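Since this is a predicted model, take the numbers as computed values, not measurements. All values below were derived from every heavy atom in this structure, side-chain atoms included, with hydrogens, water molecules and symmetry-related copies excluded.
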Amino acid sequence: NDPNLELTMLEYYLFLFVRFPLANDAWDAQARDRQRQRRVGGRAPAPFGQRMYSHLLSGYLNRYLGRGPRAQGGGIGVGPDCFDGVANDADAANFSTTGQNAAPDRTPELFLRLIIEFWLEGPNVAPTVAVGIERYGNVRAGVAAASSPRSRAEIRPSLRDSLELSVPLPPPFVATDGSRGGAGGGSGPYFVSPPSHVQGYVLMLVRHLVSDVGMRDLVKDVSGRVQLRQREEREGAASVGRETPALVDDGDARSTTGAAGGNGSAPWPLPQAMTATQPSLFNYIRSGLSCGAIHDRSSIFHRALETWLAWLEPWNYVMKRRVVAHGVDLRRTPSPGGGVGAGRRAAGEFLRSAATAISSPVEYRPSYVAPKPASPSAYGPQWEAYVVANAHCYTVPLAIFLKRARELDFSSAEYPRSLALVQRVLRVYSKGVVSVLNGVLNSRADSLSTSLFAKHGTNMGPYCPPSDWKLMDCQLDATNLLEEVFGQYQKRKAGMDVFDRLEAKLSALFDGKIGTSSDERALENLLAQVRYIVNLPLDYQVLPDEPRASRGFGLLRVLGLGNMDTSATAGSDANPAESLFPDRGPDGRLTDLGRQQLHAGLCKCNPLDIHYIGDPMLSRVKSYEFPALVQLSIFVSNYLNRKLGLVPVLPPEEENIDEDDKLLQQYREMEQYQKVKFRFNLRFLADSRNSLVLAIFFWWAACRVAGTIRGFFIFTN
């Protein structure tokens, strides 16, 4: 039977208000039109209806989930009944005072529960830990049945399997006989992405919650108690039977004295709104990171990533001074006008505003400071309790991101953008954050941190990950990501032309670090971050490489004009047994010794060790070249080289090579190229950048010649 709900007019309005973005199909069409306009470079402001809805939502968030000073959190509990605690000072206005035993006003809780139900959860069914482990065991047991008979009890997932455990389940189904099946009765994953504007509203909600002034004070107070307990335990002061200050537990009012042995439990550091939002937001983030399209910047993957980073770093909101003038907006500018009277009115208004600012009270409001991808984290010890109370929100989405980050486009065009995205995520995990996480995950934390971590697990409910998951479980995914990033960078570096190399060297020169480009420094910092996040060995090297000799003068090599000497490839040193790469011949092919090294496992092949086979002048057209000019420049270059005798004439039998044997033909072209000391190569004229420079030069020269001719005729006349 359908439930009968009795709602007040305000509650019914809030119900329709939260549901309105999901039922408005016109907003989806408008969002797609705005995306198309942005792709072509046009301005696409949000429609008036969406701007008005965002304004109303901001007002309702300030009204029902208002920010302000709060009590010390003694009545804040965890779990589904977190709103049943004692009301604090900031929420006192939201409770009825008409009678002595009057029930409190639950409108703020209803507003938040509606947002959680419609926006965060929606039609998706997030798998619980038990269901996810069971599904994982079924898949792994079926795969391993053919190779080794392993029981399901022996197959346990780790943190690096979070991606597989986070895929949503099909919704509950109804059988033909009327019986109702549980979640997961269907086949395959089931995920419905919320509309793009709803994803933006979720991000607005998270930013509102993490910028709460009362939350900052509460976290700072609990962190101080935790650090005091840590000092006591390090000094051995917390002995059995010694009294410690009574800390109220969630709803039990149990003291931490005497019988507890001085261990006790710390008060919960998160406000009620954040406590109620935490489990559903955790599922929203991991589902978005698991199922979102990573190459579509408007997909839920990137919006869930922004929401996750906003939740992880509340310390990016700094308190800024703001003058409050009753009835006067100090940021108002005078209306435009002309004449002396307008200037006098503007000066008078400025003086009155200055006088009002001096006599008006001052308050401090949180203001968001967007960090740069390569900037260090602003985490401080006063946020330790916040990290402990959100430990699983730091670990599980990180494991999902490390596994999916290899899907990012690290090609030459998209490399900076993809690297910046990886840096934005890893910069959150500073040494202080990782130390706190390892302390609670490895059971090395103090008693108060342990109690906070236990409350965090209680608040997560059935979605709490297993207690044996560690950050070290993600070592394989982290090293795979590093190899992908470093490998793509070396490919990008090998494809640099003279302009790119000159730009990199000038950038390093102006940065004061000669010999190290900005990209290389970014990769060094990235390796250092991953090393202490997943506890890699100190001597870990991503892609060991060996120096290669180059032909040409030193100045040409500096400018990137030197040619690669294929006879000096890695593995062809005087002592190939000590080389990291297999031994190769002058033509780049593996020798018998190189094959023996590979078979014995002494060396391994590097994808970047495969150089270009053939004549570089005859390589395929690059993205920055004009195809017609490439063919024309190659024809003119070959004509000049043959007429001037710079290139030896091939025998007739070598010119008639079988068309199917393209590889042999390219080898012969490479051998001929290595024998040539000097030749004309006009292919640089096909480069669009060179063509632009030449066009500007010829235009300037033509203008000078035309001016000279015009001046000559004027002088003669």
Side-chain angles (χ1 to χ4, degrees), residues 78 126-141 150-169 278-290 304-305 308 311-312 384-406 425-426 428-446 449-481 529-536:
V78 294
T128 62
V129 174
V131 173
I133 292 178
E134 181 182 0
R135 181 176 58 181
Y136 178 87
N138 293 337
V139 174
R140 290 297 184 272
R150 299 173 60 190
S151 62
R152 295 183 180 178
E154 299 177 356
I155 303 176
R156 296 288 297 177
S158 61
L159 181 60
R160 68 179 304 263
D161 299 314
S162 300
L163 175 62
E164 185 175 348
L165 300 179
S166 301
V167 177
L169 301 172
Q278 187 184 71
S280 300
L281 183 65
F282 172 78
N283 293 328
Y284 171 85
I285 292 173
R286 64 173 183 157
S287 299
L289 295 179
S290 301
L305 184 67
W308 174 47
W311 185 271
L312 295 188
E384 181 175 352
Y386 183 88
V387 175
V388 176
N390 292 277
H392 296 310
C393 298
Y394 282 86
T395 56
V396 174
L398 174 64
I400 299 174
F401 177 81
L402 290 177
K403 188 177 287 290
R404 293 211 62 192
R406 294 189 63 190
V425 174
L426 297 184
V428 177
Y429 297 85
S430 61
K431 292 185 178 180
V433 173
V434 174
S435 176
V436 173
L437 292 175
N438 287 331
V440 295
L441 294 177
N442 299 327
S443 302
R444 297 196 306 263
D446 59 280
S449 298
T450 304
S451 67
L452 282 180
F453 185 63
K455 290 182 180 181
H456 173 47
T458 303
N459 190 56
M460 296 294 292
Y463 306 105
C464 180
S467 58
D468 57 346
W469 284 9
K470 306 295 186 295
L471 287 176
M472 292 180 58
D473 299 339
C474 302
Q475 280 189 354
L476 181 59
D477 294 329
T479 54
N480 290 339
L481 176 60
Q529 289 173 337
V530 174
R531 181 179 286 120
Y532 64 75
I533 289 176
V534 296
N535 195 20
L536 291 176

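Contact between Val388 and Ser449 at its shortest, heavy atoms only, is CG1-O, 3.5 Å. Minimum interatomic distance between Gln278 and Cys393 (heavy atoms only, all atoms of both residues): CG-SG, 4.2 Å. In terms of heavy-atom proximity, Arg286 sits nearest to Ala126 at NH2-CB, 4.2 Å. The shortest non-hydrogen separation linking Leu163 to Val167 is O-CG2, 3.5 Å. The minimum heavy-atom distance linking Asn438 with Arg444 is given by the pair CB-NH2, 4.0 Å. Taking every heavy atom of both residues into account, Pro462 and Thr128 meet most closely at O-CB, 3.7 Å.
With rounding to the nearest 0.5 angstrom, the CZ atom of Arg531 is 12.0 Å from the CD atom of Gln475. Considering CG of Asp446 and OG of Ser451, their distance stands at 8.0 Å, rounded to 0.5 Å. The distance from the CZ atom of Phe453 to the OG atom of Ser467 is 7.5 Å, given to the nearest 0.5 Å. Atoms CG and CG, on Asn390 and Leu452 in that order, are 10.5 Å from each other to the nearest 0.5 Å. The CG atom of Asp477 sits 12.0 Å away from the CZ atom of Phe401 when rounded to the nearest 0.5 Å. Here Asp468 contributes atom CG and Ser443 contributes atom OG; the two are 10.0 Å apart, rounded to the nearest 0.5 Å.
Remark: side-chain polar atoms of Asn459 are not paired, donor with acceptor, to backbone N or O of Lys455 under 3.5 angstrom. Tyr284 contributes no side-chain N or O that, together with a main-chain N or O of Ala304, makes up a donor-acceptor pair within less than 3.5 Å. Using a distance-only test at 3.5 Å, with no hydrogens or angles considered, a donor-acceptor pair links the side chain of Thr479 to the main chain of Leu476. Listed for the His392 side chain is no donor-acceptor partner under 3.5 Å among the backbone atoms of Cys464. Judged purely by atom type and a 3.5 angstrom limit, Asp161 has no side-chain atom pairing as donor or acceptor with the backbone of Glu164.
Taking the side chain as every heavy atom from C-beta outward, Leu165 and Pro465 never approach each other to under 4.5 Å. The shortest side-chain heavy-atom distance between Asn535 and Lys470 does not fall under the 4.5 Å cut-off. Side-chain atoms of Leu471 and Leu441, non-hydrogen and from C-beta on, do get closer than 4.5 Å to each other. Between Tyr429 and Leu437 there is a side-chain heavy-atom pair separated by less than 4.5 Å. Contact annotation: the side chain of Arg135 approaches that of Pro127 to within less than 4.5 Å [non-hydrogen atoms, C-beta and beyond]. Annotation: side chain of Leu312 is in contact with side chain of Tyr394 (closest heavy-atom distance under 4.5 Å).
The pair Arg160-Asp473 does not meet the salt-bridge criterion, since no charged nitrogen lies less than 4.0 angstrom from a carboxylate oxygen.
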List the steps, then state whether side-chain contact (heavy atoms from CB on, under 4.5 Å) holds for Ser162 with Lys403.
CA-CA 9 Å; Ser162 300; Lys403 188 177 287 290; over 6 Å; no

Go through it in stages, so that I can follow the logic: the residues are Ile400 and Ser166, the test is side-chain contact (heavy atoms from CB on, under 4.5 Å), and I'd like the CA-CA distance, side-chain angles, deciding distance and then a yes or no.
CA-CA 9 Å; Ile400 299 174; Ser166 301; 3.5 Å; yes

For a side-chain contact (heavy atoms from CB on, under 4.5 Å) check, start with the C-alpha distance between Val387 and Val440, then their side-chain angles and the critical distance, and finish with the verdict.
CA-CA 10 Å; Val387 175; Val440 295; over 6 Å; no

Pair Leu398, Trp308 - check side-chain contact (heavy atoms from CB on, under 4.5 Å), show working.
CA-CA 10 Å; Leu398 174 64; Trp308 174 47; 4.3 Å; yes

